[in-house]
*Asks:* 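One structure coming up, written as structure tokens, with questions to follow.
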Amino acid sequence: MIGLEDLVKDKYEKIGNHVLSPGESVGKGLTPEAAKDLGLPAGIAVAASLIDAHAGGLGVIGADVKGYNLPCENEPITSRVAMICGTSSCHMGVSETPIFVPGVWGPYFSAMVPGLWLNEGGQSATGKLIDHVVRGHVAFPELQSKAAASAHSIYTYLNSHLDLIKKSLPVGFLTVDLHVWPDFHGNRSPLTDLTLKGMVVGLTLSRGLDELALIYLATIQAIALGTRHILETMQAAGHHINTLFLCGGLSKNPLFVQMHADITGKPVVLSKEVESVLVGAAILGACASGDFVSIQEAMAKMGKVGRVVQPNHEHKRFYDKKYEVFLKLVEHQREYRSIMNSF
């Protein structure tokens, strides 16, 4: 303890010792004072809440997938991972028994889905990293101008530009000589090393829009390779994952989604409702109000599949090689650090 001894006195009375599961009704509902301030009826159900990422996971991971020919159909929810992809990304998987995964937070009982154990991996910078790489490139003003002229976002324009320069190749193969290690802000999972730095191998003197598009693609691939690293670590510890469920801002980018499918080799399910965190909050409220008897029932009824993106298995060998290089990058970075620490 670090000066917090008073919190454990009298059976934790100061911080409370009555723990509710997500979606349970709190107290006697909304107080008259709060109801007046919010313009809502007094006594309306108030649900035990979740943090935003966990609510997002709740909003996507339990959707009914019948008829979509997915490997998780007719399998327990433990076969799924929810990814909330924004400025940073979270990877959340649940299990019936506690699984301890090196470099991945948890297991936490009933932290997201009541009755199940939660493991949470993460990447400290994803959307932020893509933005940093694109906006810091010398060709960004040209990109900005051309995207505005075409009435597209810079990322839609970059995706279209990659289609133009790929010629007969699959777009992902453009980075055969360009590799990125994405930990510009340290590694959260699965290496838990905040001292790691970003790496780029394969730069040239070229400074144009083609080169910006390539480094953008390589960065997205590096993030997806990082997701593969997290998933493989979770599976080695005992998880059995066969389907990804994505939500958040980056899930709106089709290149980001396809790279995650191709590089992990797993289908990606996108939610019909883009704001999955709001769906998760609504699920909690619907349970607290008695509309559903369980979180699992509410997830299946309220979470809707929008689109399914399948991996292109013909590209597996290429991405297996990219992953091999990916793991070499961090190995080499640690070797370089060891060399420099010895002077």
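Along the sequence shown, the residues carry numbers beginning at 1. Worth knowing before you read on, the calculation uses all heavy atoms, side chains too, and leaves out hydrogens, waters and symmetry mates.
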*Asks:* So for atom CG, which belongs to L203, do other residues, nucleotides or ligands contribute more than 12 heavy atoms lying within a distance under 6.0 Å?
*Replies:* yes
*Asks:* Checking side-chain polar atoms at under 3.5 Å, does N69 have a donor or acceptor matched by the opposite partner on E73?
*Replies:* no
*Asks:* Around R207, counting heavy atoms of other residues, nucleotides and ligands shown, do more than 12 lie under 6.0 Å from its CZ?
*Replies:* no
*Asks:* What are the two closest non-hydrogen atoms of D163 and K166, and how far apart are they?
*Replies:* O-CG, 3.4 Å
*Asks:* Any sub-3.5 Å donor-acceptor pair from K304's side-chain atoms to K301's backbone N or O?
*Replies:* yes
*Asks:* Identify each donor-acceptor pair in which a side-chain atom of residues 177-187 lies under 3.5 Å from a protein atom, sequence neighbours left out, and give them as a table.
*Replies:*
from, atom 1, to, atom 2, distance (Å)
H179, ND1, K322, NZ, 3.2
H179, NE2, V176, O, 3.3
W181, NE1, D183, OD2, 2.8
D183, OD2, N187, ND2, 2.8
N187, OD1, S189, N, 3.2
N187, OD1, L191, N, 2.9
N187, OD1, T192, N, 3.3

*Asks:* Among side-chain atoms of S160 and H152, is any donor-acceptor pair under 3.5 angstrom?
*Replies:* no
*Asks:* If you look only at distance, which donor and acceptor atoms sit under 3.5 Å apart when one is on a side chain in residues 76-83 and the other is two or more places apart or in another chain?
*Replies:*
from, atom 1, to, atom 2, distance (Å)
S79, OG, P76, O, 2.9
R80, NH1, I61, O, 2.7
R80, NH1, A63, O, 2.9

*Asks:* Surrounding CD of Q310 (heavy atoms of other residues, nucleotides or ligands, distance under 6.0 Å), is the total greater than 12?
*Replies:* yes
*Asks:* For V133 and L212, work out which heavy atoms get closest and say how close.
*Replies:* O-CD1, 4.5 Å
*Asks:* Quick one: closest heavy-atom pair of G121 and V104, and the distance?
*Replies:* N-CG1, 3.5 Å
*Asks:* Is it the case that over 12 heavy atoms from other parts of the model lie below 6.0 angstrom from the CD atom of E324?
*Replies:* no
*Asks:* Between T175 and Q221, do the side chains contain an N or O donor and an N or O acceptor separated by less than 3.5 Å?
*Replies:* yes
*Asks:* Give a yes or no answer on whether the side chain of S21 reaches the backbone of E24 with a donor-acceptor pair at less than 3.5 Å.
*Replies:* no
*Asks:* Does a donor on one side chain sit under 3.5 Å from an acceptor on the other, for T195 and R337?
*Replies:* yes
*Asks:* Can you tell me if D262 and H313 form a side-chain donor-acceptor pair at under 3.5 Å?
*Replies:* no
*Asks:* Go through it in stages, so that I can follow the logic: the residues are E120 and R188, the test is salt bridge (charged side-chain N to carboxylate O under 4.0 Å, His left out), and I'd like the CA-CA distance, side-chain angles, deciding distance and then a yes or no.
*Replies:* CA-CA 10 Å; E120 181 182 338; R188 175 178 157 187; 3.0 Å; yes
*Asks:* Answer yes or no: is there a side-chain heavy-atom contact under 4.5 Å between F109 and P98?
*Replies:* no
*Asks:* Are there over 12 heavy-atom neighbours, none belonging to Y12, within less than 6.0 Å of that residue's OH?
*Replies:* no
*Asks:* Is any side-chain heavy atom of L231 less than 4.5 Å from a side-chain heavy atom of K266?
*Replies:* yes
*Asks:* Could you tell me whether the side chains of Y323 and E232 share a donor-acceptor contact shorter than 3.5 Å?
*Replies:* yes
*Asks:* Do you know which two heavy atoms are closest between V101 and A237, and how far apart they sit?
*Replies:* CG2-CB, 3.8 Å
*Asks:* Membership question, hydrophobic clusters at under 4.5 Å side-chain separation (ILVMFWY): are L116 and I99 in the same one?
*Replies:* no
*Asks:* Indicate yes or no: at least one non-hydrogen side-chain atom of L270 is less than 4.5 angstrom from one of V257.
*Replies:* yes
*Asks:* Give a yes or no on whether the ring-centroid distance for F173 and H315 is below 6.0 angstrom.
*Replies:* yes
*Asks:* Is there a side-chain contact between R228 and D320 in this structure, where contact means two heavy atoms from C-beta onward sitting under 4.5 Å apart?
*Replies:* yes
*Asks:* Counting only heavy atoms from other residues, nucleotides and ligands, does the tally under 6.0 Å from CD of E331 exceed 12?
*Replies:* yes
*Asks:* For Y155 and F256, what are the C-alpha separation, side-chain angles and deciding distance, and is it a ring-ring contact (aromatic ring centres under 6.0 Å, His included)?
*Replies:* CA-CA 10 Å; Y155 297 114; F256 183 90; over 10 Å; no
*Asks:* Nearest heavy-atom pair of P114 and M112: which atoms, and what distance?
*Replies:* CD-O, 3.6 Å
*Asks:* Step through the shown structure and confirm whether more than 12 heavy atoms of other residues, nucleotides or ligands are within 6.0 Å of CD on E75.
*Replies:* yes
*Asks:* Just so I know, are the side chains of H137 and L143 near enough to count as touching, which here means a heavy-atom distance under 4.5 Å?
*Replies:* no
*Asks:* Write down the atom of F292, the atom of A298, and the distance for their closest heavy-atom approach.
*Replies:* CD1-CB, 3.6 Å
*Asks:* Under a 4.5 Å side-chain heavy-atom rule over Ile, Leu, Val, Met, Phe, Trp and Tyr, are L329 and L327 clustered together?
*Replies:* yes
*Asks:* Under the criterion side chain to side chain contact (heavy atoms under 4.5 Å, CB included), which of D210, L214, L217, T156 is the partner of H161?
*Replies:* D210
*Asks:* Shared ILVMFWY cluster between L158 and I165, side chains joined below 4.5 angstrom?
*Replies:* yes
*Asks:* Find the distance between CD1 (I263) and NE2 (H229) and round it off to the nearest 0.5 Å.
*Replies:* 14.0 Å
*Asks:* Applying salt bridge (charged side-chain N to carboxylate O under 4.0 Å, His left out) to K9 and E5, what does each step give before you reach the verdict?
*Replies:* CA-CA 7 Å; K9 290 180 180 177; E5 293 85 356; over 6 Å; no
*Asks:* In terms of hydrophobic clustering (I, L, V, M, F, W, Y; side-chain heavy atoms under 4.5 Å; direct or indirect links), are V330 and L194 co-clustered?
*Replies:* no
*Asks:* Check whether any side-chain heavy atom of I220 sits under 4.5 Å from a side-chain heavy atom of L255, and report yes or no.
*Replies:* yes
*Asks:* Between the side chains of N159 and Y216, does any donor sit under 3.5 Å from an acceptor?
*Replies:* yes
*Asks:* Pairs of donor and acceptor atoms involving the side chains of residues 272-287, under 3.5 Å and at least two apart or interchain, shall be tabulated with distances.
*Replies:*
from, atom 1, to, atom 2, distance (Å)
E273, OE2, E275, N, 3.0
S276, OG, E273, O, 3.4

*Asks:* Between F245 and I223, is there shared hydrophobic-cluster membership here, with clusters defined by ILVMFWY side-chain heavy atoms closer than 4.5 Å?
*Replies:* no
*Asks:* In terms of the angle between their ring planes, are H332 and Y336 parallel, tilted or perpendicular, with boundaries placed at 30° and 60°?
*Replies:* tilted
*Asks:* Is the shortest heavy-atom distance from the side chain of D64 to the side chain of M299 under 4.5 Å?
*Replies:* no
*Asks:* What I'd like to find out is whether the side chain of W105 reaches to under 4.5 Å of the side chain of N119, using heavy atoms alone.
*Replies:* no
*Asks:* Check for a donor-acceptor pair, side chain of T204 on one end and backbone N or O of S206 on the other, with a separation under 3.5 Å.
*Replies:* yes
